[in-house]
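Every chain is numbered from 1, with letters handed out A, B, ... down the list of sequences.
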Amino acid sequence: MKDYLTNLLDNAIKELVKNFDKNIIQVSRPKKIQHGDFSTNVSLPLAKIQKKPPLVIADEIVKRIPASPLIEKVEIAGAGYINFFLSSEARVKLINLILMEKENFGKSSFGKKQKVQVEFVSANPTGPLHVGHGRGAAIGDSIARLLDATGWDVTKEFYYNDAGAQINSLSLSVQARAKKIGPTDEEFPKDGYQGEYINEIADGFLSKAEFNFKSNMIRPSGDIENLQALKEFSVAYLRHEQDLDLEAFNVDFNVFSLESSLYKNGQVDQIVKMLIENGHTYEKDDALWLKTTSFGDDKDRVMRKTDGEYTYFVPDIAYHLDKWKRGFKRVINEQGADHHSTINRVRGGLQALNMQIPLKWPEYILHQMITVMKNKKEVKISKRAGSYVTLRDLIDEVGCDATRYFLTARRPDSQLIFDIDLAKTKNNENPVYYIQYAHARISRVLEQWNGNKESLSVTNGDSLKNLSELRLIKSISEFPEVVFQAAEELAPHQIANYLKDCAAEFHSYYNDTKFLIDDKNIMENRLALIRATQFILSNGLKLLGISAPNKM
RNA sequence: CUGCCCGUAGCUCAGCUGGAUAGAGCACCAGUUUUCUAAACUGGGGGUCACAGGUUCGAUUCCUGUCGGGCAGGCCA
């Protein structure tokens, strides 16, 4: 419809102005219903070029717009806005299209089945997932869903830093605990992990507790002097825990990549060799440095430490080269903003490989920190993890749906306050329930009507012309545009906001109009409208990984 | 000190590729149920869009600076 109007305007303006940039025609959705279904301010910029008052230009444009069965009227308003009001025929078509396309309504094929990889969470297997990972999981997963809905071929991927200093520290911490050495004791490893979960791992290892992980039985030996065995068990144990958390959070992945395998299969050595050969490295202070300053970093970075180990970003570069070789021309990395300094290193390293990888590849979405509040006080500690609030704590306390909603409903780059008390309320203070309740209400009405839902369609557009109906129809008609834009901007919070508005329009409608009435024709037209609304709500909730209950 | 993000109603936040009197929810005040779930709806008050300049016919939106908050700047990840 937008394109249709843009073309009408383009043709009209062509008659008035010889050369003009078609891009100045912007058709938008006015905020207020009085301003119609679509609107353009094109006469304002044209006024400048033509040196005529915008109202005069608007008038000339409107005169040249041909009659259309989809447009009821075209109005000039304000300083020179041209507002389009759609006809009831256009509304009938829209509702019936939704009823036909059902769960596919809102999807598109803009992505042309191109491959895109979304990497998110990528937590180190050194502890349970925390709220920050939860935000990453909710945002990353919703971005993947949005890209899928707009026609991309999406691969969701999780990368484990299961090598390096942290993992050694983890195994030493578990070993200490197995020997009954606590964090307060002298012998406890410096900078060791102190959470209660370390004890659980140690207990599991000592008691030889078996568990199934990725269809392998994990069988701990119980030999606490075997640090390698202890390490493997600890990592498997924590990855298993993280999997359970993600499952409870309705998030899954297509591919899990391991840092350790990049060492094993020689990919790390290979890129180090390439970087040296390409002349982007130098030795200093017994360490090997990468000249990241050549690629926009503010200082060079050590890539091989004096102890001979590589720093974390070396396997990171190898990993991203691997992504590139796997054919992902587009990669989106969702991660916490506290890691933003890796961007320059990874991109710089990739440039130094001289592989013609684009400068801005991969793309990054960074989310800011979260403050968890309960009883108006900040919560900082979890029983199990010690120094941070776990994702599991939140899911157990407020549920998956509410947790996902609150973690995606805000722009990633704003710091968010997660109010546990608010997320727990089951009334109008809580937007999750507000949206779900709209969906459930529709289910109940259709249930009580007890007719054949599949047969519903709008047969008489003129029966849907109350203000609340027009507002609701306008809202649901915007859904495909909202999905497209949210996918384009990698901004799932736009879906959350939209759903709240759409649900509000429905609740208003519900309150001032009765559906189950004697007039069969009007009733069925209304039911068709609310069933279409139900598809919009459930399709939108699905994009956020939130359930759409039929009863509450 | 340097870089990145943020600063919009009492609170939590949208809006920001410049454009119609700046929006929502909560909180506050006043109402709505013999009717499909009141987990809802209707109405009202509440804003120098941190501050100061600049660009523009027009700036909450773009640019510069200041102030305030967060995060980075380790041979940690």
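For A/Ser341, taking side-chain heavy atoms from C-beta onward, the closest of the listed nucleotides B/A72, B/G15, B/A38 is B/A72. With distances taken from any side-chain atom of A/His340 to the nucleotides B/G15, B/C13, B/C4, the minimum falls on B/C4. Side-chain proximity of A/Lys514 to the nucleotides B/C71, B/U37, B/C36 is greatest for B/C36. Taking the side chain of A/Arg301 as heavy atoms from C-beta on, and the options B/G74, B/C36, B/A20, the nearest nucleotide is B/G74. Which of B/A38, B/C75, B/A77 sits closest to the side chain of A/Tyr312 comes down to B/A77.
With both ends at atom P, the span from B/G7 to B/A77 equals 33 Å, rounded to whole Å. Atom name C1', nucleotides B/U21 and B/C29: the rounded distance is 24 Å, in whole Å. Using P as the reference atom, B/A9 and B/U61 are 15 Å apart when rounded to the nearest Å. When the C1' atom is used for both B/G46 and B/C26, the distance is 14 Å, rounded to whole Å. Atom name P, nucleotides B/C63 and B/A22: the rounded distance is 24 Å, in whole Å. The separation of B/U42 from B/C11, taken at their C1' atoms, amounts to 24 Å, rounded to a whole angstrom. One P atom belongs to B/G58, the other to B/U48, and the distance between them is 23 Å to the nearest Å. The separation of B/G44 from B/A39, taken at their P atoms, amounts to 24 Å, rounded to a whole angstrom.
Across the protein-nucleic acid pair, A/Glu489 atom CD and B/A14 atom P stand 13 Å apart, rounded to whole Å. Summarising the geometry, the separation between CG on A/Leu467 and C1' on B/U42 is reported as 13 Å, rounded to the nearest angstrom. What separates CE of A/Met369 from C1' of B/A72 is a distance of 10 Å, to the nearest Å.
With a 6.0 Å cutoff to the six-membered ring centre and a 45° limit on the axis angle, A/Arg239 counts as a cation-pi contact of A/Tyr160. Geometric assessment of A/Arg29 against the ring of A/Phe38 yields a positive cation-pi assignment under the 6.0 Å and 45° thresholds.
Comparing A/Lys500 and A/Ala287 along RNA chain B, the residue whose closest nucleotide (by nearest heavy atom) sits nearer the 5' end is A/Lys500. Nearest-nucleotide positions on RNA chain B place A/Ala77 closer to the 5' end than the other of A/Ala77 and A/Tyr310.
Listed pair A/His507 / B/U37 fails the phosphate criterion, with no side-chain N or O lying under 4.0 Å from OP1 or OP2. Contact annotation: A/Tyr434 reaches the phosphate of B/C41 (side-chain N/O to OP1 or OP2, under 4.0 Å). When the side-chain nitrogen and oxygen atoms of A/Arg526 are compared with OP1 and OP2 of B/C36, none of them lie within a distance under 4.0 Å. Using a 4.0 Å cut-off, some side-chain N or O of A/Gln448 falls inside it from OP1 or OP2 of B/U37. Taking only side-chain nitrogens and oxygens, A/Lys284 never comes nearer than 4.0 Å to OP1 or OP2 of B/C75.
Partners of A/Ser261 by side-chain contact (heavy atoms from CB on, under 4.5 Å), not counting sequence neighbours, listed by chain and number: A/Leu258. Every residue two or more places apart in sequence or in another chain that forms a salt bridge (Lys or Arg N to Asp or Glu O under 4.0 Å) with A/Lys323 is listed here: A/Glu119. Qualifying salt bridge (Lys or Arg N to Asp or Glu O under 4.0 Å) partners for A/Lys520, counting only residues two or more places apart in sequence or in other chains: A/Glu524. Partners of A/Asp59 under the salt bridge (Lys or Arg N to Asp or Glu O under 4.0 Å) rule, at least two apart in sequence or in another chain, are A/Lys63.
Under the 3.5 Å distance criterion, the side-chain polar atoms of A/Asn450 are left unmatched by any main-chain donor or acceptor of A/Leu446.
Counting non-hydrogen atoms under 4.0 angstrom, A/Asp297 reaches nothing in the nucleic acid. Within the 4.0 angstrom heavy-atom criterion, base atoms lie near A/Lys551. Nucleic acid contact class of A/Asp298 (heavy atoms, under 4.0 Å, all strands): none. Residue contacts shown for A/Asp285 include a base, since a base heavy atom lies under 4.0 Å away.
With hydrogens and angles ignored, no donor-acceptor pair closer than 3.5 Å exists between the side chain of A/Ser414 and the base of B/C6. On a pure distance criterion of 3.5 Å, no polar donor-acceptor pair joins the side chain of A/Thr126 and the base of B/A77. For a distance-only test at 3.5 Å, the side chain of A/Asn83 qualifies as a donor-acceptor partner of the base of B/A20. For A/Lys32 against B/U21, a side-chain N or O and a base N or O form a donor-acceptor pair under 3.5 Å.
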Could you pull out every donor-acceptor pair under 3.5 Å between side chains of residues 305-314 of chain A and any protein atom, sequence neighbours left out?
{"unit_1": "A/Asp307", "atom_1": "OD1", "unit_2": "A/Glu309", "atom_2": "N", "d": "2.9"}
{"unit_1": "A/Thr311", "atom_1": "OG1", "unit_2": "A/Val302", "atom_2": "O", "d": "2.8"}
{"unit_1": "A/Tyr312", "atom_1": "OH", "unit_2": "A/Arg345", "atom_2": "NH1", "d": "2.6"}

Enumerate, atom names and distances included, each donor-acceptor pair closer than 3.5 Å involving a side-chain atom of residues 509-516 of chain A, sequence neighbours excluded.
{"unit_1": "A/Tyr509", "atom_1": "OH", "unit_2": "A/Glu469", "atom_2": "OE2", "d": "2.8"}
{"unit_1": "A/Asp512", "atom_1": "OD1", "unit_2": "A/Ser468", "atom_2": "OG", "d": "3.1"}
{"unit_1": "A/Asp512", "atom_1": "OD2", "unit_2": "A/Ser468", "atom_2": "OG", "d": "3.3"}

Given pairs defined as Watson-Crick or G-U wobble with both distances under 3.5 Å, what dot-bracket annotation applies to RNA chain B, with ( ) intrastrand, [ ] crossing, | other strand and . unpaired? (((((((..((((.....[...)))).(((((.......))))).....(((((..]....))))))))))))....
Which parts of nucleotides 29-34 of chain B does protein reach within less than 4.0 Å, heavy atoms only, written one letter per nucleotide 5' to 3' as B for base, S for sugar-phosphate only and - for none? ------
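No close placement of the A/Phe158 and A/Phe120 rings is indicated, their centers lying 6.0 Å or farther apart.
Taking the six-membered ring where tryptophan is involved, the planes of A/Tyr498 and A/Phe479 are tilted, since the angle between them lies from 30° to 60°.
The side-chain hydrogen bond (donor to acceptor under 3.5 Å, both in side chains) analysis of residues 33-47 of chain A, with sequence neighbours excluded, yields the pairs A/Ser39-A/Asn83.
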